Structures are given as C-alpha cells and as structure tokens.
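Down below is the structure, laid out as structure tokens.
Computed from a predicted model, the values in this text were never measured in an experiment. Note that the numbering runs from 1 along the sequence shown for the chain.
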Amino acid sequence: MENKMSSVAELKERHMAATETVNALGDKLKQKRLLLLDTDVAGYARSQGKTPVTFGPTDLVCCRTLQGHTGKVYSLDWTPEKNRIVSASQDGRLIVWNALTSQKTHAIKLPCAWVMTCAFSPSGQSVACGGLDSVCSIFNLNSQTDRDGNLPVTRMLSGHKGYVSSCQYVPDEDSHLVTSSGDQTCVLWDITTGLRTSVFGGEFQSGHTADVLSISINGSNSKMFVSGSCDSTARLWDMRVASRAVRTFHGHEGDVNSVKFFPDGNRFGTGSADGTCRLFDIRTGHQLQVYYQPHGDNDVPPVTSIAFSISGRLLFAGYTNGDCYVWDTLLATMVLNLGFVHDSHDNRISCLGLSADGSALCTGSWDTNLKIWAFGGHRRVI
C-alpha cells in the first residue's frame, strides 16, 4: 500500500514538474514571437503613407428598424441571397424577416425558449438554432405548420453536454453544420442522420479549457474553422483532423466572445470581454493588430460581436454599452460610432452581421429591435 501511495505521489510530482516545464517553454515561445513582431499592421500602413478611410454619419444610415420581438435579441444571420434575416430572441422565438420590406415571413415558437444562436442554411430553406437545452434544432421553412400554427422541428441534434453557444452551416452544404458549446467542444454534425461526424476538443489536450462561445468557418477553405472561448484563446481547427487544434492564438485577457474570418481566409478577427478586437494570421500564428478605443473612466465595455466588410478594410464591432464601432482595419482607427448616430440602439448590441453582397449591416440589441444600416451617400461598399 505504501509503495502504491509513494508511486502516486511521485507521479504527481513528475506531472507538476512537467507542467512547469511546459509553461516555461510556452513563456519563452511567447517572448520569441514578440521579438519577431517588429511592427503591427497600422504601424506598417502609416510608414507607407496610408491614411484612414473617411467615414461620416451619412455613409452608413439606419434604413429599417425590425420590430416584433418582445425580448432581448441574442443572435442574427443573413441568407446568402442577401434579402432575408433570421433572428433569435429571449422571447423564445425565431423570426425570419424580409430585409427589404421589414415583413415577417416566419415566427417560429421554439421548444426551448432559452435560445442563444441561430443560422440560415446555404440554400436559405432551413434555419438552425441552439441554446440552454444543449440541442441544435433544425427547422425546414417549407414544412407545413401544425394546428397551432407552429413550425415543427425537422431535426434535433443532441450530443452536447452544455449549452449550444453558436452554430454555422458549412458553406454550400445544407447537410452539415458546426456547433460550439459550454461543454468546451465544437461538433461537426451530419444533419441528414442527426449524428456527430467529429468532436473538436473535449478529452484532447489541444482543446479549449473553458466554454466555447463562437465559431467561424473559413470562406476560402470550408474544412477550416476558428473558435473563441472563455479560456481567452482562439483555436484553429481542421475538420479532417478533429483530434488536435491546428493552432492556438493567445493575446486576449478575457472571454473571446466573437470570431470571424477575414475575407481572404488567411486571417481572422476576434472580439473579447477585455474590450479589444484583434487580428490574427492563421499561417504564422501572430497577432497582427489590436483595435482598442481608450475610455476616460477606464471602464472598457466588452465586445459582443464582430463582422468584416467585403474587402476587409472595415471591421464592425458591437459593445455591451450600445456602441457599434466601425474600425479602419488597416490603420486601427475608429472612423464611426453608430451608437452616436440618429436611430441608434438604446441598449447592448448583442449581435451583428453583414449582408452577403456587403451592401447592408444588421445589428441586434437587448432593446428587442434589429436595425438595418445601408451604405448611403457617395459611399460604395468597402
């Protein structure tokens, strides 16, 4: 018995020593990376004589307010063909809107009211949602409603052991989607069978060590996706190799609430509870830029959601205090705050997204409304 106890104690000591060694090597690696980063994107752009985008209050104007939810709006998504939006709210409903007319085409009462995320399928025929019931529910918008006028659930994807925080269909595939969860994993699902194709994280050492909050699939290579987590990191995954994260990205000092791939697929942006947005390169693993607006009172509002313009020159970021910044990604300059313009939201911006053609931005808020912002005046879509 004594020998057994001593061997367990010895193993614990060796484990602690190994952990210390790994942490020390990780710190050394961080220092080496910092030494290699001689400048950031904005520093280089300024050295090349670049000037910020000129962007005024008339260049992005609120053209529609979508009213219909009776609870906080938590999530939204555009269809690929640009003119429809699905939104999820604390009122326990998904609403599908015609963005051009503001009309509601569907109001779906959910089996579980605690919804946190929603997404349109690539064909626009189905919508997915998930939340505190740990299930991702699929609704075919062409299905017949029941006696009470409700749309039945077409498929329930069950398997997560924690809440479903985010979902996104694999581009050009109505049959597969990726979810992220409070159980520290992401899952690739086959919707046809309702089964898990791959699990990312969990028991694997390279997985997230806290709730996963957000995912973004690479538009240039749909086998790759990035995830953001409460462990303050973002991780890059290859759907063909589920056992290990391809790369882990450090830098944030708070929950990574939102991740979004840059249009070229070689970079991605993050939005965090630490009040910053950041730009990372998936090839080198380097942080390229920090987007941060100093506040006089040192009370920096967390970032809730981000999106890029079609070219990537603009980064849209929603904050818990109702601000919505438009950043020039090249010069790290905030060029417009939609929180200060006419018809802005009067509560937290919880979600935002750009239409497929980049001609409009939609924001959702805890004030129960969604707003569509169109690029007006002489401003072309950037």
Side-chain angles (χ1 to χ4, degrees), residues 23 26-27 29-31 33-34 37 40-42 72 74-75 116-117 162-166 180-186 200-201 206-216 225-237 245 247-262 267-282 285-308 315-327 329 332 334 337 339 347-352 363-366:
N23 290 340
D27 289 337
L29 190 61
K30 278 184 196 175
Q31 295 304 318
R33 285 186 186 280
L34 287 172
L37 280 173
D40 57 16
V41 170
K72 298 170 181 175
Y74 280 146
S75 179
M116 298 174 73
T117 181
Y163 62 87
V164 175
S165 56
S166 184
S180 64
S181 169
D183 65 12
Q184 306 183 8
T185 71
C186 302
F200 307 89
S206 64
H208 284 293
T209 57
D211 303 20
V212 189
L213 300 175
S214 178
I215 48 171
S216 178
F225 74 94
V226 69
S227 57
S229 165
C230 289
D231 64 13
S232 303
T233 71
R235 293 177 201 239
L236 179 68
W237 303 90
R247 205 182 278 278
T248 300
F249 300 83
H250 299 273
H252 280 296
E253 296 172 3
D255 300 353
V256 180
N257 293 326
S258 183
V259 289
K260 191 71 67 174
F261 261 102
F262 198 75
R267 287 162 277 267
F268 69 91
T270 54
S272 168
D274 65 14
T276 70
C277 298
R278 295 169 193 247
L279 186 66
F280 293 94
D281 191 303
I282 67 169
H286 283 155
Q287 177 180 289
L288 302 176
Q289 188 63 56
V290 180
Y291 302 94
Y292 168 68
Q293 186 71 11
H295 287 65
D297 52 8
N298 285 329
D299 185 22
V300 185
V303 184
T304 60
S305 186
I306 63 167
F308 287 104
L315 168 66
F316 306 95
Y319 297 80
T320 56
N321 65 347
D323 285 342
C324 183
Y325 289 172
V326 182
W327 291 96
T329 55
M334 192 263 284
N337 180 3
N347 207 323
R348 170 196 296 244
I349 306 290
S350 50
C351 50
L352 52 79
T363 53
S365 168
W366 279 14

Can you see which heavy atom on Gln184 is nearest to which on His208, and at what distance? OE1-O, 3.4 Å

Would you indicate whether the side-chain heavy atoms of Val164 and Met116 approach each other to under 4.5 Å? no

Pair Arg278, Thr276: side-chain N/O donor-acceptor within cut-off below 3.5 Å: yes

d(Asn347 CG, Ile349 CD1) to nearest 0.5 Å is 8.5 Å

With a 3.5 Å distance limit and no angle check, can you tell me whether Gln289 reaches the backbone of Ala42 through a side-chain donor-acceptor pair? yes

Any donor and acceptor pair, going by atom type alone, linking the side chain of Ser165 with main-chain N or O of Val212 inside 3.5 Å? yes

Let me confirm one number: the CG-SG distance from Asn257 to Cys277, rounded to the nearest 0.5 Å. 10.0 Å

What closest approach, in Å, do Ser232 and Glu253 show between heavy atoms, and which atom pair accounts for it? OG-C, 4.0 Å

Give the minimum heavy-atom separation between Cys186 and Ile215, together with the two atoms involved. SG-CG2, 3.9 Å

Leu315 and Ile306: CA distance, side-chain angles, deciding distance, side chain to side chain contact (heavy atoms under 4.5 Å, CB included) verdict: CA-CA 7 Å; Leu315 168 66; Ile306 63 167; 4.0 Å; yes

Should Ser180 and Ser227 be marked as a side chain to side chain contact (heavy atoms under 4.5 Å, CB included) after you check the CA-CA gap, both sets of side-chain angles, and the distance that decides it? CA-CA 8 Å; Ser180 64; Ser227 57; 5.8 Å; no

If you define the side chain from C-beta out and look only at heavy atoms, does anything of Tyr325 sit under 4.5 Å from Val303? no

Pairwise side-chain contact, Leu352 with Cys324, heavy-atom cut-off 4.5 Å (strictly under): yes

Are Thr320 and Trp366 packed together at the side-chain level, in the sense that at least one heavy-atom pair is separated by less than 4.5 angstrom? no

Find out whether Ser214 and Val256 are in side-chain contact, i.e. whether some heavy atom of one side chain is under 4.5 Å from a heavy atom of the other. no

Hey, could you give me the CH2/OH distance between Trp327 and Tyr292, rounded to the nearest 0.5 Å? 9.5 Å

Return the orientation label for the Phe268 and Phe280 ring planes: parallel under 30°, perpendicular over 60°, tilted otherwise. parallel

Would you call Phe308 and Leu279 a side-chain contact if the rule is heavy atoms closer than 4.5 Å? yes

Has the side chain of Ser229 got a donor or acceptor atom that lies under 3.5 Å from a matching backbone atom of Asp211? yes

Please name the pair of heavy atoms, one in Phe261 and one in Ile282, separated by the smallest distance, quoted to 0.1 Å. CE2-CG2, 4.1 Å

Interatomic distance, Thr270 atom OG1 to His252 atom NE2 [nearest 0.5 angstrom]: 2.5 Å

Taking the side chain as every heavy atom from C-beta outward, state whether Tyr319 and Val300 have any atom pair closer than 4.5 Å. no

Note, Lys72 side chain near Ser350 side chain (heavy atom, < 4.5 Å): no

What is the distance from atom NE2 of His250 to atom CG of Asp231, rounded to the nearest 0.5 Å? 8.5 Å

Non-hydrogen atoms of Ala273 and Pro302 that approach each other most closely: CA-CB, 3.6 Å

Would you call the rings of Trp237 and Phe225 parallel, tilted or perpendicular, taking 30° and 60° as the class edges? parallel

With rounding to the nearest 0.5 angstrom, report the OG1 to CZ distance, Thr363 to Phe316. 11.0 Å

